[in-house]
S.K.: 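Here it is, the structure in full.
Numbers restart at 1 for each chain; the letters A, B, ... are given by sequence-line order, proteins then strands.
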Protein chains: 2
Amino acid sequence: MSENYRKAIVQRIIKNLLDVQLLRMVQTQPLWGYMIKKKIETNFKIKLRHGALYPTLNSLERRGFLKSQKQTHEGRARKIYTITDAGKEYLRSYYGILKDQLEGKDLK
Amino acid sequence: MSENYRKAIVQRIIKNLLDVQLLRMVQTQPLWGYMIKKKIETNFKIKLRHGALYPTLNSLERRGFLKSQKQTHEGRARKIYTITDAGKEYLRSYYGILKDQLEGKDLK
DNA sequence: TACAATATGTCCTTTATCGTACATATCGCA
DNA sequence: TGCGATATGTACGATAAAGGACATATTGTA
């Protein structure tokens, strides 16, 4: 019954918190943009514009949360992203706040 | 150590998910706009513009997540909001998705 | 009586974001 | 050789949101 709003909420979270989702995925394993796009579109069953994805990845790198190294795989140049310590810390903070919310704590 | 980004993340959640926060507060106890503003500014230690709050409350009522009744308290007209069943269901969906995120599940 | 606090609401200008399109390059296949 | 898939990036016009101001009304206090 509580699934009625699920899709809209998921889309909202993806839209609002795309950078956090990207950090989450890259923390699990190093990935490049195109792979992330495919994964999100498959797992989340939504469309992700690459015109939104690549600027977000570049922004995360500028903010020091991701670092990238260029690799060539079968003639295609890939930018493989890995998460930094700062990125991990940001994620920890984010999850900590989510946990507090679930437990009904006030945010301070 | 993981408190460095906390304030920014809290502000982000308030900004992106103001309506969810309002539902959360009203679910705990019936409240009126001005009280909500004071509570958020005290608990969250951030500024909340009433020019953003009141339209959001009205929107939540239009969407059927809140209902209001006008009361007069010491000469002041208050619009007391209570949460509806639909509002509770929306919150349940939201919390369910947050929980899945915390547990590292894929959103589908 | 003027001001701060309570209480709710809208308007408007600027800012930020969205989606689309443009742009480039390689590879495999028909 | 033309097209779809892989791979990454920017530019721009439209739309949405943010911030501050305007607006009204009551109560208590300086």
S.K.: Rounding to a whole Å, what distance do you find between B:Asp19:CG and D:dA18:P?
M.R.: 11 Å

S.K.: Roughly how many Å is it from CG in B:Leu22 to P in C:dT8, rounded to a whole number?
M.R.: 13 Å

S.K.: Which heavy atom in A:Ile9 sits nearest to a heavy atom in B:Ser93, and how many Å separate them?
M.R.: CD1-CB, 3.5 Å

S.K.: Relative to the 5' end of DNA chain D, which residue comes earlier, A:Leu57 or B:Asn16, by the nucleotide with the nearest heavy atom?
M.R.: A:Leu57

S.K.: Would you kindly give the CD1-to-P distance between A:Ile36 and D:dT6, to the nearest whole Å?
M.R.: 15 Å

S.K.: Send over the distance from A:Gln71 CD to C:dA25 P, rounded to a whole Å.
M.R.: 22 Å

S.K.: If you check the A:Arg49 side chain, which of C:dC18, D:dA7, D:dG20 turns out closest?
M.R.: C:dC18

S.K.: For residues A:Arg12 and B:Leu17, report the shortest heavy-atom separation together with the two atoms involved.
M.R.: NH2-CD2, 3.1 Å

S.K.: Under 4.0 Å between any heavy atoms, over every strand shown, what does B:Lys15 touch: base, sugar-phosphate, or nothing? Just pick one.
M.R.: sugar-phosphate

S.K.: Rounded to the nearest 0.5 Å, what separates atom CD1 in B:Ile36 from atom CG in B:Leu31?
M.R.: 5.0 Å

S.K.: Touch check for B:His73, heavy atoms < 4.0 angstrom, all strands: base, sugar-phosphate only, or nothing?
M.R.: nothing

S.K.: Examine D:dT6: is either OP1 or OP2 under 4.0 Å from a nitrogen or oxygen in the side chain of A:Lys38? Give yes or no.
M.R.: yes

S.K.: Tell me the interatomic distance from B:Arg78, atom CZ, to D:dA25, atom C1', rounded to whole angstroms.
M.R.: 15 Å

S.K.: Round to the nearest Å and state the distance from A:Tyr81 atom OH to D:dT8 atom P.
M.R.: 7 Å

S.K.: Reading DNA chain D from 5' onward, which residue's closest nucleotide shows up sooner: A:Ala77 or A:Gly51?
M.R.: A:Ala77

S.K.: Could you check which of D:dA7, C:dG9, C:dT6 has an atom nearest any side-chain atom of B:Arg76?
M.R.: C:dT6

S.K.: Whole angstroms only, please: what is the CG-C1' distance between A:Leu18 and C:dG19?
M.R.: 14 Å

S.K.: What does B:Lys79 touch in the nucleic acid at a heavy-atom separation under 4.0 angstrom: a base, only the sugar-phosphate, or nothing?
M.R.: sugar-phosphate

S.K.: Return whichever of B:Ala52 or B:Trp32 has its heavy-atom-nearest nucleotide of DNA chain C closer to the 5' end.
M.R.: B:Trp32

S.K.: Can you identify which nucleotide, out of C:dT8, D:dA5, C:dA23, has its nearest atom closest to the A:Tyr34 side chain?
M.R.: D:dA5

S.K.: Tell me: CD of B:Gln69 to P of C:dA7, nearest whole Å?
M.R.: 16 Å

S.K.: Is a donor from one side chain sitting under 3.5 angstrom from an acceptor on the other, for A:Lys38 and A:Asn43?
M.R.: no

S.K.: Establish, with yes or no, whether the OP1 or OP2 oxygen of D:dT8 is under 4.0 angstrom from a side-chain nitrogen or oxygen of A:Tyr54.
M.R.: yes

S.K.: Looking at every non-hydrogen atom in both residues, tell me the closest pair between B:Tyr34 and B:Tyr54 and how far apart they are.
M.R.: N-OH, 3.6 Å

